[in-house]
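In what follows, a structure is listed as C-alpha cells, so that the remarks can point back to it.
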Amino acid sequence: NAGVMQNPRHLVRRRGQEARLRCSPMKGHSHVYWYRQLPEEGLKFMVYLQKENIIDESGMPKERFSAEFPKEGPSILRIQQVVRGDSAAYFCASSRYGEETQYFGPGTRLLVL
Amino acid sequence: AQKVTQAQTEISVVEKEDVTLDCVYETRDTTYYLFWYKQPPSGELVFLIRRNSFDEQNEISGRYSWNFQKSTSSFNFTITASQVVDSAVYFCALSAGRAGTALIFGKGTTLSVSS
C-alpha cells in the first residue's frame, strides 16, 4: 500500500527560476494539503485542494505561488521566480473524504541558490 | 484563534528513561481534533495518534501513551523506556472538528535518546 508520494525529494533552483513540486495522494484519498516547514517557523499550512478545486488557500503567499490538483495526475505546487526565502521543506498530505487524519509524504527539500 | 504550544524545545534522555512531551492547545471550537506526529532524522512526518475532543480516554500503544485533559487543554505524550530509535522531532497539532481543515502545528520538541 503506497503512501503519499512526493517528487522530487530534493530540488535546487537558482533565484528567478521556477520550482514544480509534485504530490500523489494515497490510494483512495481525494483531499490534498500542502504545508511548508521553515527552520524558525515550523510547519505551516498553505493550501487544501480536492480534485479540480482549491478549497482553502488561506496560507498561500499572494504572489508567485500556485497549486492545482487536476482530474488526472498528481497535485502540483508551483513557485515562480523563486527567492532564497523560499528554501524550505514542502510537505504534501492527503486524507480520505470525510476523514480528519492527514497522512504526509516524505517532503521535497527546496534549496534556492 | 487556534494555537498549539510545545514549551519544551529540546529534551535529552538516556535509554530506558521515561519521557513526557507536553502539548497545550487553545481553541474556541467545541469540536476539534488533536494529533501527534513524529519526524525522525530522515525527515518524513509519521502520524502517531488522533484524538477527538469528546474522547478524553487516555490511550496506550506499546511504549507510547497519551494523556488528554480538556480541563487544562493539554494532550501530553509519554514514551516509556525510551530507545535510541525514538530520537526525533515530535509535533503536536490541532484541527477544527471537521474534515478538510488545516492542521495547526506546535513548533515541535526535539527528543534525543542516547545509549
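Lettering of chains follows the sequences in order, A, B, ..., and the numbering in each one begins at 1.
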Considering all heavy atoms of both residues, which atom of [X] and which atom of [Y] are nearest to each other, and what is their separation?
X      : Y      : answer
B:Y37  : A:Q102 : OH-O, 2.6 Å
A:F91  : B:Q39  : CZ-NE2, 3.4 Å
B:K107 : A:E41  : CE-O, 4.4 Å
A:F45  : B:A102 : CG-CB, 3.3 Å

Hydrophobic cluster membership, [X] vs [Y], 4.5 Å side-chain cutoff:
X     : Y      : value
B:F35 : B:L111 : no
A:I54 : A:F65  : yes
B:Y33 : B:F105 : yes
A:M46 : A:V82  : yes

Tell me, yes or no, whether the heavy-atom count around [X] atom [atom1], taken from other residues, nucleotides or ligands under 6.0 Å, exceeds 12.
X      : atom1 : value
A:L113 : CG    : yes
B:K70  : NZ    : yes
B:E56  : CD    : yes

Contacting moiety of [X], where chain B heavy atoms sit under 4.5 Å:
X      : value
A:R109 : side chain
A:Y35  : side chain
A:Q6   : neither

- Query: To the nearest 0.5 Å, what is the distance between CG (B:L103) and CD (A:E100)?
  - Reply: 10.5 Å
- Report the distance from atom OG1 of A:T101 to atom CD1 of B:I49, rounding to the nearest 0.5 Å.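 Separation between the atoms: 10.0 Å.
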- Message: Run the side chain to side chain contact (heavy atoms under 4.5 Å, CB included) test on B:L45 and A:L43 for me, step by step, so that the C-alpha distance in whole Å, both residues' side-chain angles and the decisive distance to 0.1 Å come before the verdict.
- Response: CA-CA 11 Å; B:L45 276 163; A:L43 278 153; 3.9 Å; yes
